[in-house]
**Student:** 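One structure, as structure tokens, below. Some questions next.
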Amino acid sequence: DVDAVIAGVDEITGRVIEAGMPNLKIIARNGVGYNNVDILAAKIHNVTVTLSVGTNNVSVCELVFGLIFNLARNINTQNTAIDKGQWSRVMGIELDGKTIGIAGTGHIGTAVAIRAHAFGMKILACDIAINKELVNKYGVIYTDMDTIFREADIITLHLPATAETNNIINESTLSLMKPSTILINAARGDLVDEKALAAALQAKKIAGYGADTLKQEPPREDEPLLKLSNVILTPHCGGYTKDAVIKSSVTAAEEVIRVLSGKPAKFPVQ
């Protein structure tokens, strides 16, 4: 019987939406994903679903580079060794001159590209839409995913979870990567076949994996990725900064005001 819902990671099922009838007009996501919202049920009941677009791109982007630096310089590994009373260095790599492959150049992928350019990296990207500013101003080269898998030293995923992108990282695509490749996933756990990835990491077929998301969150205790020293995981905290939370909360509230005032939403799920 509520007029509006502002939802974080809450599971908004068809049953929840039906319980809001007849007053419910909008479900405003305090974030940019909508995997937990039954979009079909919302359409059936004529409930608008909105996103807080462009509010956490900087926060997620900065976490991506945190994961990259951690793996490139073995920060966590060396810190753990020091905690154990050891004092030994692990050789790392510079980002300067390396090739980064960005899968998806939406708000977050674009932010990553701009900062990668500042680090002196060669930038490959794949997206259904070419961002001309990235090409002209930052030297981004658009190509296909197989080329990115083969040539990139660092690959970072910024794709939605769809039938087409499900398990885009799999045994076949992992086999295309160089043994020195660092893979980053701050998008969706469904993009990665985690069993195949764990096998590739154990066999040193790729160098490392940094992720802010998993297929199952929190992970099972026997999740193989938890036992690997070349894996860095964070608990889906990419957009969880004071700055991003304020911006996304305000955007969600503004969407509620628009819809309940009879105005069109600014960021509806299409």
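The first residue in the sequence is number 1, and the count goes up from there.
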**Student:** Only distances under 3.5 Å count here; give the side-chain donor-acceptor pairs of residues 237-245 to other protein atoms, sequence neighbours excluded, each with its distance to 0.1 Å.
**Tutor:**
unit_1: Thr241; atom_1: OG1; unit_2: Ser59; atom_2: OG; d: 2.6
unit_1: Thr241; atom_1: OG1; unit_2: Ala244; atom_2: N; d: 3.1

**Student:** Considering only residues two or more places apart or on different chains, which pairs with a residue in residues 71-118 satisfy ring-ring contact (aromatic ring centres under 6.0 Å, His included)?
**Tutor:**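 Non-adjacent pairs meeting ring-ring contact (aromatic ring centres under 6.0 Å, His included): His117-Tyr138.
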**Student:** Should the pair Arg258-Glu255 be classified as a salt bridge under the 4.0 Å nitrogen-to-oxygen rule?
**Tutor:**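 Between Glu255 and Arg258 there is a salt bridge, with a charged N closer than 4.0 Å to a carboxylate O.
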**Student:** If you look only at pairs with a residue in residues 47-59, which of them pass as a salt bridge (Lys or Arg N to Asp or Glu O under 4.0 Å), with sequence neighbours excluded?
**Tutor:**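 Residue pairs with at least one partner in residues 47-59: there are none.
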**Student:** Under the salt bridge (charged side-chain N to carboxylate O under 4.0 Å, His left out) rule, collect the residues that match up with Asp222, sequence neighbours excluded.
**Tutor:**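 Testing Asp222 for salt bridge (charged side-chain N to carboxylate O under 4.0 Å, His left out), a comparison that skips the adjacent residues, returns Arg220.
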**Student:** Under a single-linkage rule joining Ile, Leu, Val, Met, Phe, Trp and Tyr whose side-chain heavy atoms are separated by less than 4.5 Å, which residues share a cluster with Ile17?
**Tutor:**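 Val2, Val5, Ile12, Val16, Met21, Leu24, Ile27, Tyr34, Val37, Ile39, Val47, Val49, Leu51, Val53, Phe267, Val269, which link up through side-chain heavy atoms under 4.5 Å apart, make up the rest of the cluster.
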**Student:** Does any pair with a residue in residues 165-183 pass salt bridge (Lys or Arg N to Asp or Glu O under 4.0 Å), and if so which ones, sequence neighbours excluded?
**Tutor:**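 Listed once each, the pairs are Asp153-Lys178.
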**Student:** With Arg188, which residues qualify under salt bridge (charged side-chain N to carboxylate O under 4.0 Å, His left out), at least two apart?
**Tutor:**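 Testing Arg188 for salt bridge (charged side-chain N to carboxylate O under 4.0 Å, His left out), a comparison that skips the adjacent residues, returns none.
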**Student:** Please identify each residue that fulfils salt bridge (charged side-chain N to carboxylate O under 4.0 Å, His left out) with Asp38, with sequence neighbours left out.
**Tutor:**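 Here no residue qualifies.
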**Student:** Does anything in residues 196-208 pair up under side-chain hydrogen bond (donor to acceptor under 3.5 Å, both in side chains), and if so which pairs, sequence neighbours excluded?
**Tutor:**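 As it turns out, there is no side-chain hydrogen bond (donor to acceptor under 3.5 Å, both in side chains) pair with a partner in residues 196-208 once direct neighbours are skipped.
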**Student:** State whether the side chain of Asn79 and the backbone N or O of Ile75 hold a donor-acceptor pair below 3.5 Å, judged by distance alone.
**Tutor:**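 Absent.
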**Student:** Looking at Pro160, is its backbone amide N or carbonyl O close enough to the side chain of Thr165 to form a donor-acceptor pair, meaning the two atoms are under 3.5 Å apart?
**Tutor:**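 Yes: the side chain of Thr165 pairs with the backbone of Pro160.
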**Student:** Which atom pairs, donor and acceptor, lie under 3.5 Å between side-chain atoms of residues 89-99 and protein residues at least two apart or in another chain?
**Tutor:**
unit_1: Lys98; atom_1: NZ; unit_2: Glu94; atom_2: O; d: 3.0

**Student:** Return yes if some donor-acceptor pair links the side-chain N/O of Asn70 with the main-chain N/O of Asn76 below 3.5 Å, else return no.
**Tutor:**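 A pair under 3.5 Å: yes.
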**Student:** Return the set of residues passing salt bridge (charged side-chain N to carboxylate O under 4.0 Å, His left out) with Lys195 (not counting sequence neighbours), or none when no residue passes.
**Tutor:**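 Lys195 satisfies salt bridge (charged side-chain N to carboxylate O under 4.0 Å, His left out) with no other residue.
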**Student:** With sequence neighbours left out, which residue pairs that include part of residues 50-84 fulfil the ring-ring contact (aromatic ring centres under 6.0 Å, His included) condition?
**Tutor:**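 Output for this query lists Phe65-Phe119, Phe69-Phe119.
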